[in-house]
Amino acid sequence: MKNPIYITTSIAYANSKPHIGFAMELVEADAFNRYFSMMGYETYFLTGTDEHGIKQQKTAEELGIHPKELSDKNAQLFMELKDKLNLSYDNFIRTSDKEKHWPSVVQIWNKIKENGDIYKDKYEALYCNGCESFITEKELVDGKCPIHKKEPDKVSEENYFFRLSKYGKIIKKLIESKEIEIVPEFRAKEILNLIDKGLHDISFSRSKKTLYWGIPVPDDDTQVMYVWCDALTNYISGLGYAKNDEQYKKFWPNVIHVIGKDIVRFHTAIWPAMLLSAGVPVPKKIFVHGFITSEGHKMSKSLGNIIDPNDIIKIYGVDALRYYLLSEIPVGQDGDFSKKLFQERYISDLVNNLGNLLNRVLLMTKKYFGGSIPSIKTDVLEEYNKTWVSYIENMNNLYLNKASLVVFSFIDFLNKFIGDTKPWELSKKGDTESLSRVLKILLESLRHITRMIYPFIPETSLNMRKQLGLEEGIDLKYIGWEEVLNWEKIGEIKILFPRI
RNA sequence: CGCGGGGUGGAGCAGAGGCAGCUCAUCGGGCUCAUAACCCGAAGGUCGGCGGUUCGAAUCCGUCCCCCGCAACCA
């Protein structure tokens with residue numbers, strides 16, 4: 001076993017239902033998990049929901065239900081994604097879980113406090129009487145609440161603060177030396193720039209009067225923790241930090257945090273600062289993805305262009321969606337989701353290229369040899385070696401879309417290979433030896449393709465293996481080119497991707 | 001002069017000093033193992049504008065224009 005690798009997504013805010021952006025994050029993390037586990041690393045994959053906070057409390061009040069009820073309902077929708085998106089996570093953590101999550105949060109809070117980094121101060125904020133809640137400056141239109149057209153009041157309450165300012169310099173060093181590695185690199189530049197401007201201390205709690213739906217501050221029942229300590233700590237509570245669990249010791253801090261570009265600052269500044277203060281090692285790697293636009297526009301409720309991953313899956317199946325999200329959206333950058341482009345990629349890459357290749361190879365094997373190929377030595381394709389080398393390099397660098405491109409170039413190559421070797425002519429000539437060699441090369445190549453696509457489209461990978469007559473799981477045994485492997489019997493031949 | 005990303009054939013992207021490339025779409029041809037699939041070929045770009053460095057610039061420098069994020073309590 002190689003080094004353990006721990007993979008996390010951000011925890012989704014359980015305030016509304018999942019949309020395609022979060023689906024991308026889940027699927028990216030899932031691809032990393034499947035890849036590293038296939039390559040022999042011991043992995044642990046965590047996701048979950050963030051359920052506390054004023055917004056959650058407010059949404060529940062509007063619906064006339066308790067925040068707990070709303071959280072349960074929405075968390076359910078996120079948990080359903082495990083089957084819908086075919087996710088391989090090991091644990092799903094909910095911040096409302098008093099047994100699994102809260103003890104770790106309280107422990108981190110106490111350690112930070114013991115270290116003298118929590119203090120009381122006045123917190124000033126804008127409050128709209130109409131909304132009966134806090135409002136951020138960003139939400140204001142012309143300095144007024146956009147709903148009530150009223151200028152908000154400035155109110156202040158006494159809260160606990162975290163001495164974030166103390167950790168700017170050391171975090172800067174950790175990022176520069178790549179002890180905290182941020183991928184892609186331009187995101188690191190962004191955050192270093194912000195740190196240079198100086199980090200302010202942040203408010204770490206709210207009065208229980210404004211926020212009752214959260215984790216109580218230890219030894220002060222008038223205060224409830226604000227999002228930072230509560231939500232970010234999920235990454236270690238999910239491993240069993242407070243229990244000093246074996247899992248925690250094994251996997252922390254060898255982590256890849258998969259997050260969106262909107263929350264880079266929280267993960268590269270606030271989170272490491274909290275850990276430094278609490279005497280816990282900082283995370284190794286932070287992978288930042290971009291946003292998905294819908295038909296070229298930002299997704300928003302008012303435009304009505306929010307894409308529900310369920311709608312895509314219903315029509316095309318989960319792997320078509322996974323393929324698009326992982327192959328078509330450049331890693332780390334924004335990408336667009338358009339129905340037309342999606343349809344085009346589905347047809348050209350999955351139906352015509354991969355699906356048709358499998359189908360023609362299997363049908364020839366059946367037609368010319370009755371489904372089994374006699375033992376015969378084949379040379380390794382140069383293309384095969386090149387493909388694996390490039391695939392592994394890209395995957396290790398987390399460049400999913402480039403790795404996928406490499407695999408599909410190989411598929412392309414194999415389609416050309418059939419055109420060049422013309423098995424139908426070999427059959428007519430009665431050249432059984434050449435014919436069996438050609439088909440063996442194709443079958444063996446397809447076996448390797450099932451491995452390479454497994455992190456991206458696992459269901460298809462296993463489906464292909466069944467049709468090829470291979471073992472169900474992803475085999476770790478025959479990693480190299482099998483020169484004389486018998487092809488005993490192929491399975492039942494089915495269309496891999498239907499034409500839609 | 002806040003910070004960052006981007007502007008390359010119809011669409012989506014790659015290339016970061018030396019004949020402008022890939023995928024899709026289009027057009028022409030070929031093949032018949034295959035899901036009207038596959039293979040071969042062609043057309044299509046003054047690489048956002050202007051100026052400079054250089055024997056040579058999409059690539060380096062300057063300047064301007066346009067799009068998209070971030071700009072601290074937004075999950």
Side-chain angles (χ1 to χ4, degrees), chain A residues 10-16 22 49-56 95 123-125 134-139 159 161-162 164 184 186-194 196-204 206 226-228 230-232 259-266 269-270 290-291 293 296-298 327-330 332-336 338 340-341 343-345 347-353 355-368 401-402 405 408-409 412 414-427 435 438-439 442 493-500:
Chain A
S10 64
I11 45 176
Y13 201 53
N15 178 13
S16 58
F22 191 61
T49 39
D50 174 15
E51 303 178 3
H52 293 140
I54 293 167
K55 222 174 185 174
Q56 185 76 349
T95 57
Y123 167 70
E124 282 204 340
F134 288 109
I135 184 163
T136 64
E137 231 166 282
K138 201 177 174 181
E139 287 173 297
N159 293 143
F161 275 71
F162 170 59
L164 177 62
F186 71 83
R187 297 284 175 207
K189 279 188 212 152
E190 245 173 59
I191 191 68
L192 285 171
N193 238 305
L194 279 167
D196 279 341
K197 285 185 191 164
L199 297 172
H200 295 183
D201 291 351
I202 50 173
S203 83
F204 228 39
R206 285 286 183 276
Y226 191 57
V227 61
W228 315 118
D230 178 344
L232 290 164
I259 60 165
K261 66 178 184 180
D262 53 332
I263 52 175
V264 175
R265 205 169 40 252
F266 315 147
I270 298 176
F291 282 170
T293 54
H297 299 281
K298 195 172 170 174
S327 305
E328 283 309 310
I329 313 265
Q333 291 184 31
D334 291 349
D336 187 45
S338 87
K340 188 167 166 264
L341 195 62
Q343 167 74 13
E344 273 173 20
R345 304 314 304 187
I347 294 294
S348 69
D349 293 352
L350 297 179
V351 177
N352 293 350
N353 235 347
N356 185 50
L357 174 68
L358 178 77
N359 199 235
R360 62 201 296 219
V361 169
L362 288 175
L363 283 171
M364 282 193 281
T365 305
K366 189 178 172 191
K367 187 168 178 180
Y368 300 142
N401 60 316
K402 285 188 185 170
L405 194 69
F408 276 79
S409 299
D412 221 40
L414 294 172
N415 270 319
K416 285 186 180 68
F417 181 77
I418 295 175
D420 292 343
T421 52
K422 300 185 177 67
W424 50 92
E425 279 183 13
L426 296 174
S427 167
L435 184 57
V438 165
L439 285 178
L442 287 164
I493 302 171
K494 284 182 197 152
I495 295 291
L496 206 53
F497 293 101
R499 200 160 282 281
I500 291 171

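This is a predicted model, so every value here is computed, not measured. Each chain gets a letter, A, B and so on, in the order the sequences are listed, and its residues count up from 1. Because only heavy atoms are used, hydrogens play no part in the values below, and waters and symmetry mates are left out as well, while side chains stay in.
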Next on the checklist: Ignoring hydrogens, what is the shortest heavy-atom contact between A:I259 and A:S10? Give both atom names and the distance.
Outcome noted: CG2-CB, 4.3 Å
Item to check | Under the 3.5 Å Watson-Crick or G-U criterion, the dot-bracket string of RNA chain B, with | for inter-strand pairs | outcome: .(((((((.[[[[.)..(..]]]].(((((.......))))).....[[[[[..)....]]]]])))))).....
Checklist entry - Any idea which of B:U35, B:C73, B:C39 is nearest the A:V351 side chain? => result B:U35
Checklist entry - Which of these nucleotides, B:C33, B:G69, B:C73, is closest to any side-chain atom of A:K261? => result B:G69
Item to check | Shortest side-chain distance from A:R265, nucleotide among B:U35, B:G69, B:A71 | outcome: B:A71
Item to check | Touch class at under 4.0 angstrom, heavy-atom based, for A:K340 against every strand present | outcome: nothing
Checklist entry - Separation of A:I263 atom CD1 from B:A72 atom C1', in whole Å? => result 15 Å
Checklist entry - Is there a donor-acceptor pair under 3.5 Å between the side chain of A:S427 and the backbone N or O of A:P423? => result no
Item to check | P-based separation of B:C68 from B:U63 [nearest Å] | outcome: 24 Å
Checklist entry - With respect to the side chain of A:R345, which nucleotide from B:U23, B:C74, B:U35 is positioned closest? => result B:U23
Checklist outcome for this item: Quick note, A:N359 side chain, CB onward, closest among B:C73, B:A34, B:U32 is B:A34
Checklist entry - Of the non-hydrogen atoms in A:F417 and A:L442, which two are nearest, and what is the gap between them? => result CD2-CD2, 3.8 Å
Checklist outcome for this item: Scanning both residues in full, the closest heavy-atom pair of A:N359 with A:K494 reads ND2-O, 4.3 Å
Checklist entry - When you compare B:G6 with B:C60, how far apart are their P atoms, in angstrom units rounded to a whole number? => result 11 Å
Checklist entry - How about A:L435 and A:E425: do any of their side-chain heavy atoms sit closer than 4.5 Å? => result no
Checklist entry - With a 4.0 Å cut-off on heavy atoms, is A:L357 in touch with a base, just the backbone sugar-phosphate, or nothing at all? => result nothing
Checklist entry - Nearest nucleotide by nearest heavy atom, which residue falls closer to the 5' end of RNA chain B, A:D420 or A:D349? => result A:D349
Checklist entry - What distance, rounded to whole Å, do you find between the two C1' atoms, one in B:A11 and one in B:G45? => result 14 Å
Checklist outcome for this item: In whole angstroms, the gap separating C1' of B:A37 from CZ of A:F497 amounts to 15 Å
Item to check | For the student: nearest non-hydrogen atoms of A:N15 and A:Q56, plus distance | outcome: CA-OE1, 3.3 Å
Checklist entry - Heavy atoms, side chains only, cut-off 4.5 Å: are A:N159 and A:R206 in contact? => result yes
Next on the checklist: Output the rounded distance in Å from NZ (A:K55) to P (B:C73).
Outcome noted: 13 Å
Item to check | Euclidean distance for P, B:C66 against B:G49 (whole angstrom) | outcome: 15 Å
Item to check | Verdict with supporting geometry, A:W228 and A:F266, ring pair (Phe, Tyr, Trp, His ring centres under 6.0 Å) | outcome: CA-CA 8 Å; A:W228 315 118; A:F266 315 147; 4.9 Å; yes
Item to check | Any donor-acceptor N/O pair under 3.5 Å between B:C24 base and A:S348 side chain | outcome: no
Item to check | Which atom of A:V361 lies closest to which atom of A:L439, heavy atoms considered | outcome: O-CD2, 4.3 Å
Checklist entry - When the distance from NZ of A:K366 to P of B:A34 is rounded to whole Å, what number comes out? => result 11 Å
Checklist entry - Which part of the nucleic acid does A:D201 contact within heavy-atom distance under 4.0 Å: base, sugar-phosphate only, or nothing? => result base
Next on the checklist: Without decimals, in angstroms, what is the distance between A:R206 CZ and B:C74 P?
Outcome noted: 7 Å
Next on the checklist: Using whole Å, what does the distance between atom C1' of nucleotide B:C74 and atom CD1 of A:I270 come to?
Outcome noted: 11 Å
Checklist entry - For A:L496, which contact category applies under a 4.0 Å heavy-atom criterion: base, sugar-phosphate, or nothing? => result base
Checklist entry - Between A:T49, A:L232, A:T95, which is the residue that forms a side chain to side chain contact (heavy atoms under 4.5 Å, CB included) with A:I11? => result A:T95
Checklist outcome for this item: For A:L164 and A:I202, the nearest pair of non-hydrogen atoms, with its separation, is CD2-CG2, 4.1 Å
Checklist entry - Distance between the P atoms of B:G4 and B:C39, in whole angstroms? => result 44 Å
Checklist entry - Can you tell me how far P of B:U23 sits from CG of A:D412, to the nearest Å? => result 7 Å
Next on the checklist: Distance check, C1' atoms only: B:U8 and B:G41, in whole angstrom units.
Outcome noted: 24 Å
Checklist entry - To the side chain of A:N352, which of B:C38, B:C33, B:U35 is closest? => result B:C38
Checklist entry - For A:N356, which contact category applies under a 4.0 Å heavy-atom criterion: base, sugar-phosphate, or nothing? => result base
Item to check | Separation between the C1' atoms of B:C13 and B:C47, rounded to whole Å | outcome: 13 Å
Next on the checklist: Treating primed atoms plus P, OP1 and OP2 as sugar-phosphate and everything else as base, which nucleotides of nucleotides 6-15 of chain B get B, S or - for protein heavy atoms under 4.0 Å?
Outcome noted: ----------
Item to check | Distance, rounded to the nearest Å, where A:L199 contributes CG and B:A71 contributes P | outcome: 14 Å
Next on the checklist: Under 4.0 Å, counting only non-hydrogen atoms across every strand here, what does A:Y226 touch: a base, just sugar-phosphate, or nothing?
Outcome noted: base
Item to check | Rounded distance in Å between the C1' positions of B:G21 and B:G9 | outcome: 11 Å
Checklist entry - Mind checking whether A:L350 and A:F408 have side chains closer than 4.5 Å, heavy atoms only? => result yes
